[in-house]
Amino acid sequence: MRDKHSALLRQWAFEVNQVWNEANSRSAELSWVPIPGFGWMNLGTSAFDLQKDLKDFSKERAPSLHSHSVQEVIAVHAKSRKQFKTNKLKWRCSGGAKRALGWVPFKVGSAVWKDGQVRFNGHFFKVWDSYGPSQYKFRSGSFSEDSRGRWYFNVVIESPLEQTKNASAIGIDLGLKDYATCSNGVKLEAKQQYRQMEVKLGIAQRAGNKKQVKTIHAKIKNRRKDALHKFSRELVNNHGTIVIGNVSSSKLAKTKMAKSVLDAGWFMLKTQLSYKAKGQGVLFVEVDEAYSTQACSCCGSIPASSPKGRTGLGVREWVCSDCGAEHDRDINAACNILNLGLGYQAPVDGIPAL
Ligand SMILES: [Zn+2]
C-alpha cells in the first residue's frame with residue numbers, strides 16, 4: 001500500500017491493540033466462574049460473550065475502528081485461546097521494543113473494491129494493483145505492517161471458479177531475448193517496454209540521485225510484474241492446456257542479463273500461470289525442454305541444420321535440412337514443448353511429428 005495511508009492505519013492498529021488487550025484481561029477474569037459448594041471453575045469465555053462485554057469499552061477506546069474489526073479481533077483472540085488452551089494470550093504492545101507489528105483485521109463485507117481503490121471504514125486506499133482485484137469479490141482479510149513499517153492489504157477473494165471451455169493448447173518457451181515465446185508466435189519481450197525507463201535510470205544514476213534510482217527500479221519491477229500478469233491472464237483465458245519448458249542452466253550461463261532478474265521473471269510467470277490455471281480448470285504442464293531448440297517441430301528429427309551448441313546461439317531463424325520447414329528458433333522450441341506436453345514421446349531420437 002502507499003505510504004500516505006500509514007498514519008491512519010497505525011491509529012487503527014493502536015485501537016486494535018486496546019481491544020485485544022482488554023479482551024485478554026477480561027477473558028482471564030471471566031473464565032473463572034464460582035460454583036456454589038464447589039469453588040471456582042474454568043469455563044472459558046466465548047467470543048460471543050466477550051463481544052457483548054466489550055461493547056462499551058470499544059466504543060470509548062476504539063472509536064475510529066470499524067465494528068467488524070472489533071468483532072474480528074475478539075474472534076481471533078477467542079480462536080487463539082482455544083488453540084493454545086489458555087485464558088490469556090500475549091499482550092499486544094503499541095510501542096517500545098516489544099511493539100507488535102500493526103494489524104487491522106476485518107470481516108467479509110466491510111472492505112470492497114470501488115473506483116479503482118479499496119474502500120474500507122469510510123476511507124479509500126490506493127493499492128499497487130497487480131492481481132486485478134476488480135475481478136474478484138473480497139471476503140475477510142487484514143491490513144498488516146511489516147518490520148520496515150510498510151503496510152499491506154491482505155484479502156481472501158471469492159474466485160469466480162468459471163471452468164474453462166477452451167480446447168486449444170499452447171506451448172511456451174522461456175528465453176533470454178524474449179521472456180516467453182508461444183507456439184502460436186506471440187512473444188512477451190523482456191526489454192522493449194522498459195527502454196524508456198532505462199534511459200531515465202541512466203540519467204538518474206549519472207546524476208547520483210540515489211532516491212530517484214531506487215524509485216525507477218521499483219517502477220520497472222512493478223511494470224514487469226504487471227506485464228507478466230497481463231500475459232498470463234490472457235493465456236489462461238484463451239487456452240485449455242498450457243505447457244511450459246523448464247529452463248536449462250545452459251541458457252542462463254550464456255546471458256549478459258543478471259541471472260537473478262531472469263530467474264525471478266520466469267519463476268513469477270510460472271507461479272502466476274499455475275495458480276490462475278488452477279482457478280479456471282486449465283491444465284498446466286511443465287516439461288523437460290532438452291532438445292526443444294534443436295529438434296524440428298514439423299518432422300521430429302534433429303537435422304544437421306538446426307542450431308546447436310555455442311555456435312548455434314546466435315541463430316534466430318533456420319530451415320530444416322530434413323523436411324524443408326522454415327523455423328523461428330523460439331517458436332519452434334515452443335511447438336516442441338507443446339508436443340511434449342500433449343504426450344508425444346520424449347525427444348531422444350527427435351520429437352515425432354504431430
Ligand atoms: Zn523437419
Side-chain angles (χ1 to χ4, degrees), residues 166-192 228 231-232 234-236 238-257 259 262-263 265-274 277 282-354:
N166 293 318
S168 72
I170 194 158
I172 302 164
D173 175 58
L174 297 173
L176 304 176
K177 188 175 150 283
D178 302 305
Y179 243 46
T181 303
C182 301
S183 50
N184 64 0
V186 172
K187 295 185 180 204
L188 175 70
E189 289 185 35
K191 269 188 159 174
Q192 216 64 22
L228 288 175
F231 182 72
S232 56
E234 198 153 306
L235 284 172
V236 170
N238 292 311
H239 301 282
T241 304
I242 297 170
V243 190
I244 201 162
N246 64 353
V247 181
S248 66
S249 49
S250 62
K251 248 184 193 174
L252 283 172
K254 286 148 193 159
T255 171
K256 272 187 253 165
M257 274 173 97
K259 178 187 178 301
L262 274 171
D263 256 353
W266 287 333
F267 180 74
M268 202 184 275
L269 181 60
K270 277 186 196 177
T271 310
Q272 290 177 6
L273 281 171
S274 165
V282 171
L283 185 63
F284 179 66
V285 191
E286 196 172 335
V287 298
D288 185 2
E289 65 155 23
Y291 300 106
S292 63
T293 308
Q294 299 178 21
C296 167
S297 58
C298 287
C299 68
S301 72
I302 297 182
S305 62
S306 70
K308 290 180 195 71
R310 250 182 190 285
T311 46
L313 273 174
V315 178
R316 306 308 314 170
E317 278 154 13
W318 56 280
V319 177
C320 175
S321 50
D322 284 7
C323 74
E326 289 174 30
H327 292 301
D328 168 290
R329 175 207 182 92
D330 295 337
I331 298 175
N332 176 62
C335 289
N336 282 329
I337 285 165
L338 173 62
N339 290 351
L340 263 178
L342 292 176
Y344 297 93
Q345 210 193 324
V348 179
D349 308 302
I351 300 170
L354 267 168

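Positions are given from 1 along the sequence. Only heavy atoms go into these numbers, but all of them, side chains included; no hydrogens, no water, no symmetry mates.
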Stepwise side-chain contact (heavy atoms from CB on, under 4.5 Å) test for V282 and N166: CA-CA 8 Å; V282 171; N166 293 318; over 6 Å; no
Measuring from [X]:[atom1] to [Y]:[atom2], what's the distance to the nearest 0.5 Å?
{"X": "S305", "Y": "D322", "atom1": "OG", "atom2": "CG", "answer": "7.0 Å"}
{"X": "S183", "Y": "I337", "atom1": "OG", "atom2": "CD1", "answer": "9.0 Å"}
{"X": "M268", "Y": "L273", "atom1": "CE", "atom2": "CG", "answer": "12.5 Å"}
{"X": "L174", "Y": "L188", "atom1": "CG", "atom2": "CG", "answer": "10.0 Å"}
{"X": "Y291", "Y": "N336", "atom1": "OH", "atom2": "CG", "answer": "13.0 Å"}
{"X": "S321", "Y": "I302", "atom1": "OG", "atom2": "CD1", "answer": "11.5 Å"}

Write down the atom of [X], the atom of [Y], and the distance for their closest heavy-atom approach.
{"X": "S168", "Y": "H239", "value": "OG-ND1, 2.8 Å"}
{"X": "A325", "Y": "C298", "value": "CB-SG, 3.6 Å"}
{"X": "A180", "Y": "I172", "value": "CB-CG2, 3.8 Å"}
{"X": "I170", "Y": "C182", "value": "CD1-CB, 3.7 Å"}
{"X": "Y179", "Y": "W266", "value": "O-NE1, 3.5 Å"}
{"X": "R329", "Y": "P307", "value": "NH1-CB, 3.8 Å"}

Side-chain donor-acceptor contact under 3.5 Å, T181 with D173: no
Stepwise side-chain contact (heavy atoms from CB on, under 4.5 Å) test for L340 and V243: CA-CA 8 Å; L340 263 178; V243 190; 5.6 Å; no
For [X] and [Y], indicate whether the former's side chain and the latter's backbone hold a donor-acceptor pair under 3.5 Å.
{"X": "T241", "Y": "A169", "result": "no"}
{"X": "S301", "Y": "C296", "result": "no"}
{"X": "S232", "Y": "L228", "result": "yes"}
{"X": "N184", "Y": "V186", "result": "yes"}
{"X": "N332", "Y": "A295", "result": "yes"}

Residues that E286 engages under side-chain contact (heavy atoms from CB on, under 4.5 Å), provided they are two or more places apart: I244, N246, K270
For V319, all residues meeting side-chain contact (heavy atoms from CB on, under 4.5 Å), sequence neighbours excluded: E326
Verdict with reasoning, T293 to K308, per side-chain contact (heavy atoms from CB on, under 4.5 Å): CA-CA 8 Å; T293 308; K308 290 180 195 71; over 6 Å; no
Pairs involving residues 294-318, ordered by first then second residue, that meet ring pair (Phe, Tyr, Trp, His ring centres under 6.0 Å) (sequence neighbours left out): W318-H327
